[in-house]
Protein chains: 2
Amino acid sequence: MASKYDRIADDLRRKIRNGELSPGARLSAETTLMEQYKVSLPTMRSALAVLRAEGLIESRHGHGTYVRELRQPVWRTNERYQWEKNRVRADQNERRKTGATEHDTGLTVDDLEFAASYDDSETADESLAKAFGVPIGTRLLRRTYQTRSRRENSPLSIAESYLLYDMVKTNPDLLDEENEPWPGGTQHQLSTIGIELDRIVDEITARPPRGQEAETLDVPTGVSLIMLRKISIDTQDRVVEVSDIIMPGDRYELRYTTPLERWS
Amino acid sequence: MASKYDRIADDLRRKIRNGELSPGARLSAETTLMEQYKVSLPTMRSALAVLRAEGLIESRHGHGTYVRELRQPVWRTNERYQWEKNRVRADQNERRKTGATEHDTGLTVDDLEFAASYDDSETADESLAKAFGVPIGTRLLRRTYQTRSRRENSPLSIAESYLLYDMVKTNPDLLDEENEPWPGGTQHQLSTIGIELDRIVDEITARPPRGQEAETLDVPTGVSLIMLRKISIDTQDRVVEVSDIIMPGDRYELRYTTPLERWS
DNA sequence: GAGTGGTCTAGACCACTGT
DNA sequence: CAGTGGTCTAGACCACTCC
């Protein structure tokens with residue numbers, strides 16, 4: 001331990017933490033830093049690589065190296081699920097006004113760009129088969145959603161939602177991506193085929209982005225991904241939807257409220 | 001894009017995904033790979049650095065480079081909170097038997113090593129003051145917990161729990177770390193000063209480990225940290241405990257069940 | 001064109017792990 | 001001891017951004 005680049009990284013990390021280098025500030029050029037710290041360029045660069053991996057700095061080619069700014073977090077709460085359920089029974093005008101993402105972020109429909117695409121040729125792999133409790137190979141409807149803020153380039157999140165094809169085909173409207181965005185969202189879509197949700201189970205984990213993901217989500221190295229699998233279970237205890245949602249960890253915070261039964 | 005090291009990383013990533021290189025397998029030595037791919041050593045090393053950052057491989061000095069094995073995830077569910085609350089009213093023998101971590105992991109008390117330390121000289125910083133709804137500088141009791149499996153070196157998690165000093169001092173037993181592990185956990189501790197919890201709010205985010213954290217948690221680069229702030233609110237709507245819990249993302253999965261009200 | 005970060009090389013030496 | 005990955009150097013050239 002205590003290699004040269006480690007000590008340099010420690011020094012810069014300290015300067016960032018105590019505000020000597022504030023968010024948005026530009027660091028000196030690599031060649032300048034290399035002279036300041038009296039090391040070679042590759043060594044200086046590996047010191048910066050450490051901080052980049054920690055998400056503390058960001059380098060822009062031909063531009064400079066900057067202290068990362070904290071992005072305002074978007075909240076995703078589990079209260080949205082009950083809110084969505086209540087909205088299913090509201091009239092269509094009310095449903096059209098806002099979606100669940102707006103509920104979370106406080107942004108209006110106009111701020112958000114929404115893209116959906118459907119694919120009805122998907123079949124269940126091992127993981128999905130287990131989640132749904134069906135055999136591997138069962139036909140699914142896969143729906144891909146991208147939400148992005150109009151003010152920024154990077155998507156807020158990417159979601160893949162899976163429905164059992166045989167279950168939803170009874171309402172052909174549900175198979176057509178042209179009907180997106182569907183006022184009232186998935187819970188309302190399911191209600192058109194007589195499904196009422198009993199509970200939603202969220203499974204959460206986190207890992208670094210891999211290869212292509214970093215590009216499609218446009219996250220720099222140094223940002224973790226929050227992986228959320230959302231499993232919707234109806235009043236007959238059937239798994240009716242499985243959704244895999246990917247969120248950049250520097251943009252999102254999840255909030256779950258767990259009520260407890262009273263003693264008295 | 002499509003630099004040499006990127007193409008090499010892509011190739012190796014593909015080999016890992018399709019099983020040509022299975023978990024635990026040892027890659028050829030860097031010098032061998034460098035000849036195979038006809039690049040210089042530093043270039044070969046930066047290809048490996050990419051995969052290391054993605055958590056796909058792990059290098060052991062003087063030993064070799066290996067495909068990371070998937071570790072069996074430990075589940076942490078929000079059902080534990082109600083389970084803990086129920087246990088407060090169980091008798092002491094029952095309470096002594098198991099703790100919440102055992103509830104989650106399925107491991108028994110004997111498998112787990114538990115370390116607690118108290119510090120009653122802590123005061124609330126901005127973030128904690130806001131969470132508790134008290135002025136900055138308010139005296140707190142800080143309790144640090146480390147849980148580790150006896151079979152492994154790395155801690156399962158690190159938790160820092162904060163209580164309002166003036167609130168808990170009425171029971172001096174709560175100020176003494178020698179009483180840990182306390183049968184029945186924090187909810188039982190709070191019950192000794194007349195506190196009943198109404199709900200628990202979990203705030204979750206994820207980010208890469210920074211400098212020292214990587215060492216104390218003994219996680220390689222390429223593992224994300226799940227940061228969980230748990231806020232306990234009592235029946236009088238007071239925030240009575242705030243806990244910051246750090247979990248390695250490759251070991252943990254969180255599961256939250258949200259029940260929905262019925263329509264009928 | 002000037003200044004920046006990104007890629008790549010060839011080679012030296014050190015530090016750790018096993019036998 | 002041999003084999004492995006880790007650190008560091010000196011220097012060349014490329015690619016991007018802004019003026």
Side-chain angles (χ1 to χ4, degrees), chain A residues 1-12 16 21 24-69 153 209 211 214-215 218-222, chain B residues 1-13 16 21 24-69 153 211 214-215 218-222:
Chain A
M1 285 303 130
S3 50
K4 280 193 187 179
Y5 72 82
D6 261 333
R7 279 197 301 268
I8 296 173
D10 285 347
D11 187 55
L12 289 171
I16 291 171
L21 290 166
R26 182 171 166 282
L27 275 66
S28 311
E30 296 178 342
T31 48
T32 313
L33 288 169
M34 133 197 176
E35 285 164 11
Q36 273 177 25
Y37 286 107
K38 300 190 205 307
V39 292
S40 69
L41 218 192
T43 302
M44 190 61 228
R45 282 186 60 76
S46 59
L48 295 174
V50 170
L51 300 177
R52 206 160 26 233
E54 293 175 5
L56 293 175
I57 63 172
E58 188 171 12
S59 297
R60 274 179 278 166
H61 196 168
H63 210 137
T65 304
Y66 297 83
V67 179
R68 283 270 301 281
E69 313 222 28
N153 317 348
E215 290 166 34
D218 192 32
V219 290
T221 26
Chain B
M1 284 304 128
S3 50
K4 281 194 188 178
Y5 72 84
D6 260 333
R7 280 196 301 267
I8 297 174
D10 284 347
D11 188 55
L12 289 171
R13 201 186 289 111
I16 291 171
L21 289 166
R26 182 170 166 284
L27 275 66
S28 311
E30 295 178 342
T31 47
T32 312
L33 288 169
M34 134 197 174
E35 285 165 10
Q36 275 178 24
Y37 285 107
K38 300 191 204 307
V39 292
S40 69
L41 218 192
T43 302
M44 189 60 228
R45 282 185 61 75
S46 60
L48 296 175
V50 170
L51 300 177
R52 205 156 31 231
E54 293 175 5
L56 294 174
I57 64 172
E58 188 171 11
S59 297
R60 274 179 278 167
H61 196 170
H63 210 137
T65 303
Y66 298 83
V67 179
R68 283 267 304 277
E69 313 224 27
N153 316 349
E215 290 167 32
D218 192 32
V219 290
T221 26

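Throughout, protein chains are lettered first and strands after them, A, B, ... in sequence-line order, and every chain is numbered starting at 1.
In terms of phosphate contacts, B:Thr65 brings a side-chain nitrogen or oxygen within less than 4.0 Å of OP1 or OP2 of D:dG5. At C:dT9, one or more side-chain N or O atoms of B:Lys4 fall inside 4.0 Å of OP1 or OP2 (strictly under the cut-off). Phosphate proximity of C:dC8 to B:Tyr5: absent, as no side-chain N or O sits under 4.0 Å from OP1 or OP2.
As a whole-Å value, the separation of A:Leu27 CG from C:dG3 C1' is 16 Å. Rounded to whole Å, atom C1' of C:dG5 lies 10 Å from atom CZ of A:Arg26. Distance CD1 (A:Ile57) to P (C:dT4): 16 Å, rounded to an integer number of Å. Counting to the nearest Å, the C1' atom of D:dT9 and the CD1 atom of A:Ile8 are 13 Å from each other. Atom OH of B:Tyr66 and atom C1' of C:dG18 are 10 Å apart (whole Å). Between the CZ atom of B:Arg60 and the C1' atom of C:dT17 there is a distance of 11 Å, given to the nearest Å.
Shortest non-hydrogen contact noted between B:Ser28 and B:Gln36 is OG-NE2, 4.0 Å.
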> Passes side chain to side chain contact (heavy atoms under 4.5 Å, CB included), A:Val67 versus A:Leu56? Steps please.
Replying inline: CA-CA 6 Å; A:Val67 179; A:Leu56 293 175; over 6 Å; no

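Between B:Arg52 and B:Ser59, the closest side-chain pair of non-hydrogen atoms falls below 4.5 Å. The shortest side-chain heavy-atom distance between B:Thr43 and B:Tyr37 does not fall under the 4.5 Å cut-off.
Listed candidates were C:dC16, D:dC16, D:dC18. Nearest to the side chain of A:His63 is D:dC18.
Using modelled atom types, one side-chain atom of B:Glu54 and one backbone atom of A:Gly211 make a donor-acceptor pair closer than 3.5 Å.
If you run side-chain contact (heavy atoms from CB on, under 4.5 Å) between B:Ile57 and each of B:Leu48, B:Val50, B:Leu12, only B:Leu48 comes through.
Taking every heavy atom of residues 33-54 of chain A and every atom of DNA chain C, pairs under 4.0 Å involve A:Arg45, by number.
Toward the 5' end of DNA chain D, the nearer of the two residues B:Gly62 and A:His61, judged by each one's closest nucleotide, is B:Gly62.
Using a 4.0 Å cut-off between charged side-chain N and carboxylate O, A:Asp10 and A:Arg7 make no salt bridge.
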